[in-house]
Student: 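I have a structure I would like to understand better, so I am pasting it below and will then ask my questions one at a time.
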Amino acid sequence: VPEEDEKYQFLHHIEDSAIRCQKTVRNLLDFARFSPREERQRSNMAHIIHKAVELVRHRLNLNSISVEVLERDSGALEAPVVLNTNQVQMVFVNLMHNASDAMGEGGTIQIKINLRTNTSPHQVITRVIDSGTGIAPDVLSRIFDPFFTTKSEGKGTGLGLALSRQIVDENAGKIEVASTLGEGTTFVITFPVAD
């Protein structure tokens with residue numbers, strides 16, 4: 001199919017999603033038996049975030065949920081990071097899916113990328129903020145536990161956030177969460193800037 005054909009973009013998304021599914025299965029196997037990890041690539045958070053948003057945009061549109069990627073800090077957008085980009089992209093896809101589930105119909109997901117320069121090395125900080133129902137304090141302490149889920153049967157496996165934390169850890173990053181019932185949830189993901 002020629003690139004200018006409308007079908008090309010759809011086929012490209014299908015191929016991208018199939019590769020992501022393969023990597024998701026591989027990550028599940030890695031989670032269970034620590035097999036060799038893929039190599040890391042040099043990239044930047046803006047590129048990773050935009051690819052993740054494109055993969056979930058259709059689902060979010062169906063639920064009338066908007067995504068705002070706030071790119072005020074050009075230093076953060078251009079700061080190089082060395083990551084397994086497919087794995088990290090999966091983390092953001094998972095966070096947006098969870099935010100969508102928490103909001104139901106309508107709402108906004110904000111993604112803010114900032115650069116922290118008062119550390120060595122510098123750090124790229126990405127916040128994923130939803131306007132959902134929030135997470136109760138007694139549940140908040142368990143959300144990264146494998147197989148823990150608050151979703152109804154058949155809706156979730158309880159592996160999404162556990163895998164997300166494992167991926168972030170393996171890529172020398174850090175993931176934190178803050179939430180207030182009735183006001184929404186913020187996930188903060190931090191990665192070191194590459195030399």
Student: Is there a path of hydrophobic side-chain contacts, each under 4.5 Å between heavy atoms of I, L, V, M, F, W or Y residues, that connects Ile113 with Val82?
Tutor: no
Student: Does a side-chain heavy-atom distance below 4.5 Å link Ser43 with Leu83?
Tutor: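 No, every pair of side-chain atoms sits at 4.5 Å or beyond.
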Student: Mind checking the CD1-CD spacing from Ile48 to Gln41? Nearest 0.5 Å is all I need.
Tutor: 8.5 Å
Student: Mind checking salt bridge (charged side-chain N to carboxylate O under 4.0 Å, His left out) for Asp16 and listing every partner two or more places apart, or none if nothing turns up?
Tutor: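 Expected list: Lys51.
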Student: Using the side chain to side chain contact (heavy atoms under 4.5 Å, CB included) criterion, which residues pair with Glu6? Sequence neighbours excluded.
Tutor: Phe10
Student: Quick one: CG on Leu95 to OG1 on Thr186, what's the gap to the nearest 0.5 Å?
Tutor: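 Here the interatomic distance stands at 11.0 Å.
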Student: Transitively linked via ILVMFWY side-chain contacts under 4.5 Å: Leu115 with Phe187?
Tutor: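 They do share one cluster, since a chain of ILVMFWY contacts under 4.5 Å joins Leu115 to Phe187.
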Student: Is any side-chain heavy atom of His13 closer than 4.5 Å to a side-chain heavy atom of Glu15?
Tutor: no
Student: For the CD atom of Gln89 and the CE atom of Met45, what is their distance to the nearest 0.5 Å?
Tutor: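 If I round to the nearest 0.5 Å, the distance is 10.5 Å.
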Student: Could you check whether any side-chain N or O of Thr108 sits under 3.5 Å from a backbone N or O of Ser66, counting only pairs where one atom can act as donor and the other as acceptor?
Tutor: no
Student: Please list every donor-acceptor pair under 3.5 Å in which a side-chain atom of residues 123-130 meets a protein atom from a residue at least two apart or in another chain.
Tutor:
residue : atom : partner : partner atom : Å
Gln123  : OE1  : Arg116  : NH1          : 2.8
Asp130  : OD1  : Gly132  : N            : 2.8
Asp130  : OD1  : Thr185  : N            : 3.2

Student: Please name the pair of heavy atoms, one in Val168 and one in Phe191, separated by the smallest distance, quoted to 0.1 Å.
Tutor: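 Minimum heavy-atom contact is O-CE2, 4.0 Å.
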Student: Look at the side chain of His58 and the backbone N and O of Leu55, then say whether any donor-acceptor pair between them is shorter than 3.5 Å.
Tutor: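 It does not hold such a pair.
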Student: Can you run down the salt bridge (charged side-chain N to carboxylate O under 4.0 Å, His left out) pairs that involve residues 176-191, sequence neighbours left out, and say none if there aren't any?
Tutor: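 Of all non-adjacent pairs touching residues 176-191, those that pass salt bridge (charged side-chain N to carboxylate O under 4.0 Å, His left out) are Lys174-Glu176.
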Student: Should the heavy atoms of other residues, nucleotides or ligands under 6.0 Å from CD of Gln9 be counted, would the total exceed 12?
Tutor: no
Student: Within this structure, what is the CG-CG distance for the pair Asn171 and Asp169, rounded to the nearest 0.5 Å?
Tutor: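 The distance works out to 9.5 Å.
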Student: Within a strict 4.5 Å, meaning less than it, do heavy atoms of the Met103 and Ser131 side chains meet?
Tutor: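 Yes, at least one pair of side-chain atoms sits under 4.5 Å.
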Student: For Leu140, what residues pass the side chain to side chain contact (heavy atoms under 4.5 Å, CB included) criterion, not counting sequence neighbours?
Tutor: Ile135, Ile143, Val177, Ser179
Student: What I'd like to find out is whether the side chain of Val53 reaches to under 4.5 Å of the side chain of Met96, using heavy atoms alone.
Tutor: yes
Student: Within this structure, what is the CG-CZ distance for the pair Asp145 and Arg142, rounded to the nearest 0.5 Å?
Tutor: 5.5 Å
Student: Less than 4.5 Å apart, side chain to side chain, heavy atoms only: is that true for Phe92 and Val56?
Tutor: no
Student: How many angstroms lie between atom CZ of Arg40 and atom CG of Asn84, to the nearest 0.5 angstrom?
Tutor: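 Output value for this atom pair is 8.0 Å.
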Student: Over all heavy atoms of both residues, which pair between Ile109 and Ala99 is shortest? Give the atoms and the distance, please.
Tutor: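 Result for this residue pair: CD1-CB, 3.8 Å.
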Student: For Phe144 and Leu161, work out which heavy atoms get closest and say how close.
Tutor: CD2-O, 3.4 Å
Student: So Asn98 and Asn94, do their side chains get closer than 4.5 Å, heavy atoms only?
Tutor: yes
Student: Mind checking what makes side chain to side chain donor-acceptor pair (under 3.5 Å) contact with Asn63, not counting sequence neighbours?
Tutor: Ser100
Student: So Leu181 and Thr133, do their side chains get closer than 4.5 Å, heavy atoms only?
Tutor: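 They are not in contact (no side-chain heavy atoms under 4.5 Å apart), so the answer is no.
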Student: Indicate yes or no: does Asp101 engage Arg59 in a salt bridge with an N to O separation below 4.0 Å.
Tutor: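 Arg59 and Asp101: salt-bridged.
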Student: Take Ile111 and Glu68, measure what side-chain contact (heavy atoms from CB on, under 4.5 Å) needs, and give me the verdict at the end.
Tutor: CA-CA 6 Å; Ile111 302 175; Glu68 298 173 0; over 6 Å; no
